[in-house]
2 protein chains.
Amino acid sequence: MTRPTSRDVATAAGVSQATVSLVLGDKWPGRVSERTATHVRETATRLGYRPNLAARNLRLGTTRTALLVVPALTNEFFARVYTGAARVAAEHGFGVVLYPSPDGTGPARDPFASARAALDGVIASSMAADALDAIGGNTLPLVMLDSDPAAGTAAAHVNLAMADGMRQITEHLLALGHRRFLHLASAVDSWTFDTRAEALTALLGPGTELRTVRSPLTVDGARTALEAALAAPQDRPTAVVCDDDILAAGACKAARRLGLRIPEDLSITGFDDLALATAVEPELTTVHLPAERVGEQGMTALLAVLEGTPWTAPDLPVRLVVRDSSGPAPTA
Amino acid sequence: MTRPTSRDVATAAGVSQATVSLVLGDKWPGRVSERTATHVRETATRLGYRPNLAARNLRLGTTRTALLVVPALTNEFFARVYTGAARVAAEHGFGVVLYPSPDGTGPARDPFASARAALDGVIASSMAADALDAIGGNTLPLVMLDSDPAAGTAAAHVNLAMADGMRQITEHLLALGHRRFLHLASAVDSWTFDTRAEALTALLGPGTELRTVRSPLTVDGARTALEAALAAPQDRPTAVVCDDDILAAGACKAARRLGLRIPEDLSITGFDDLALATAVEPELTTVHLPAERVGEQGMTALLAVLEGTPWTAPDLPVRLVVRDSSGPAPTA
DNA sequence: TAAGCCAAGTAATACGTATAACGTCAGGCC
DNA sequence: GGCCTGACGTTATACGTATTACTTGGCTTA
């Protein structure tokens, strides 16, 4: 009735529990004769034996499990980060457990309660950094994603070349003749977005203009915010630089409502290159972020840290993808 | 140096390990005097004690953890299912571990390897049913999402009223005068999509026409598929019923490329009501699926099953949301 | 033939927790 | 004073596994 243990297998096979463990552990070649080994293996499958992982974890003192802390999974970017992390983890016999930080809809506060697995380490996005205190994750090896390398206690950092991405966008727009910019920024306060804002400001020289509007990270929020900002026709910006494709999608809707053509009257750029970027019309000029690679590197870094190897790597490169939402600045 | 155990706390507090466990378990009021209890609690926090979950799981024979098997997290629908499931789980001190079934990009095959946590039960989407065999999840309490209630060995089923959703769409389009339909169906083979297709076929009476085109679940795939299907101008359908918002977004792009206006020349409907549905232009007429509720009910069902209570509930209702991508059939 | 050695297996143990079973001590009651 | 009772702790144990240290018997080797 109840799940068979290694001892049950041993009894059924007429050997000791230790032998079963040795055979199934597959780690000590030659310790058990091939004859006995196959017999044990057969018995195990016949009984449908599956090792009790709680017991194994206790014995080994490790769970080969990492916690990934992200702001929200419904954000495709982080879904992809997870995918990348989970892939690398699986290749090393590790697992990844999620902790979507509480944004009101997420699960409760304590990931040690919500993810009953014991953990070996933590990978956390800077956008969910506040959750880390609640975790007490500081007691575990920690890898930070997109956070200030100079701050914090993380054992390793995985960063994207955000400033360079912003540079590519800005130069692209400047080359197209744009001078009046609007930065549609995320209202979420995080190092990532701060970096982008700084880069943008630094790149716009004299003779240019920059306004900043902050918006929640939703299509509708962005639409509302931008509609208000663009209401007055005089001195309208000719280019809207968005912190995120989601914001850019909202910006497009706002523009259309105001009767502005994209990109003839107004250029709009995104960030991230989500599936959304090519689903909307016009397709968004945006910066492609290798989200899966972020997850992969995060997990790789954590694995290194767990082995005691210090880990470091250059920022992951990002790439401007020019599509249809950006064009020459209107001459009028 | 190493993590403190309950015994360390006991020694430091000058009591026995059992007392520490009793105090921190918070489960036997009156077993320990308030004086001792607070002393123990203080010592525990002072030492930074955190119970070893592997040991607890072993002792209790349960992990309060469920496995959620979904085809892909980058699909917003399943991300929301996860969110709902995780919320209910957290409310009951449970955790949810993910197993995105192998679509080529997912982690390896064995979720017992990838999710090192021992599991109490499994919640699986029918779209990932094939993964279940690999899991051997049949040995665990199983809740199926959107699968044939008559088939399989699941202890409970959580279904959406897909057929009714299709009915609402069809009646909406019929009322608008449409007679020539094209069903842009998902190439993924699952009960969910089969149900929708059957419903559509059954609802279209004499005097109507129905073609079916299958497409992979991507914007680009849908665009390509539909562009080919609509190339010939004669007898062109006036309404495209899509199995999914992603397909509908692709359909919109195909229409625009062919110079067809939406909805004047061609009505297009989606399914799911993802964020995408309102991000594209025109906003999609679609069927809203309560994705979070699916997750919530799935977890609720599993919790019931784990307690030995049989669980059953009517299909979750779905609701047609009429937006701008559907309109009267062209009269010409 | 004795000493040593290898192959093949087993007994014993520890991981850290929760809890059942068992003291112990003081006070109340007849 | 003896006995029961409750309050407060403690001792002991089991959960299922991986691994270390040990046993055993057969074989080689000097």
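Just so we're on the same page: letters track the sequence lines, and every chain starts at 1.
- In this structure, B/Glu34 places its CD atom 15 Å from P of D/dA7, rounding to the nearest Å.
- By the 4.5 Å heavy-atom criterion applied to side chains, A/Leu98 and A/Leu73 are counted as neighbours.
- At C/dT17, none of the side-chain N or O atoms of B/Ser21 fall inside 4.0 Å of OP1 or OP2 (strictly under the cut-off).
- In this structure, the CG atom of A/Leu53 is 14 Å from the C1' atom of D/dC15, given to the nearest Å.
- Taking for each of B/Thr36 and A/Gly25 the nucleotide of DNA chain D with the nearest heavy atom, the 5'-most of the two is the partner of B/Thr36.
- In the set C/dC15, C/dT10, C/dA20, the nucleotide with an atom closest to the side chain of B/Trp28 is C/dA20.
- Each of A/Gln17 and A/Ala37 lies near DNA chain C, and the nucleotide nearest A/Ala37 is the one positioned closer to the 5' end.
- If you measure from atom CZ of A/Arg35 to atom P of C/dA8, you get 12 Å, rounded to the nearest angstrom.
- Distances shorter than 4.0 Å separate none of the side-chain N or O atoms of A/Ser33 from OP1 or OP2 on C/dA7.
- Taking every heavy atom of both residues into account, A/Leu58 and B/Ala54 meet most closely at N-CB, 3.7 Å.
- When the side-chain nitrogen and oxygen atoms of B/Ser6 are compared with OP1 and OP2 of C/dT17, one or more of them lie within a distance under 4.0 Å.
- Here D/dG9 presents its C1' atom at 9 Å from CG of B/Leu22, a figure rounded to the nearest Å.
- When each of C/dG16, D/dG16, C/dG9 is scored by its nearest atom to the side-chain atoms of B/Asn52, the top-ranked nucleotide is C/dG16.
- Closest approach to the A/Arg7 side chain among D/dT17, C/dT19, C/dA11 is made by D/dT17 (side chain taken as heavy atoms from C-beta onward).
- Each of D/dT10, C/dG9, D/dT19 was ranked by its minimum atom distance to the side chain of B/Ala18; first place goes to D/dT10.
- Side chains of A/Thr63 and A/Asn57: no donor on one and acceptor on the other come within 3.5 Å.
- Remark: P of C/dT19 and CG of B/Asp26 are 12 Å apart, rounded to the nearest angstrom.
- A donor and an acceptor atom sit less than 3.5 Å apart, one in the side chain of A/Arg31 and one in the base of C/dG9.
- In summary, A/Glu296 and A/Arg80 do not engage in a salt bridge, as defined by a charged side-chain N under 4.0 Å from a carboxylate O.
- Between the CZ atom of A/Arg50 and the P atom of D/dT17 there is a distance of 13 Å, rounded to whole Å.
- The CZ atom of B/Arg56 sits 13 Å away from the C1' atom of C/dT19 (whole-angstrom rounding).
- Scanning all heavy atoms of the two residues, the minimum distance from B/Val158 to B/Val294 falls at CG1-O, 4.1 Å.
- The phosphate of C/dT10 has OP1 or OP2 within less than 4.0 Å of a side-chain N or O from A/Ser16.
- Note on A/Leu58: a base of the nucleic acid sits closer than 4.0 angstrom, heavy atoms only.
- Across the interface with DNA chain C, nearest-nucleotide mapping of B/Ala55 and B/Thr19 shows B/Ala55 to be the residue nearer the 5′ end.
- In this structure, A/Thr5 reaches the sugar-phosphate backbone alone: every heavy-atom distance under 4.0 Å involves primed, P, OP1 or OP2 atoms, never a base.
- For the 3.5 Å distance criterion, the side chains of A/Thr192 and A/Thr195 fail to qualify, holding no donor opposite an acceptor.
- Per the geometry, CG belonging to A/Leu24 stands 15 Å off C1' belonging to D/dT19, to the nearest Å.
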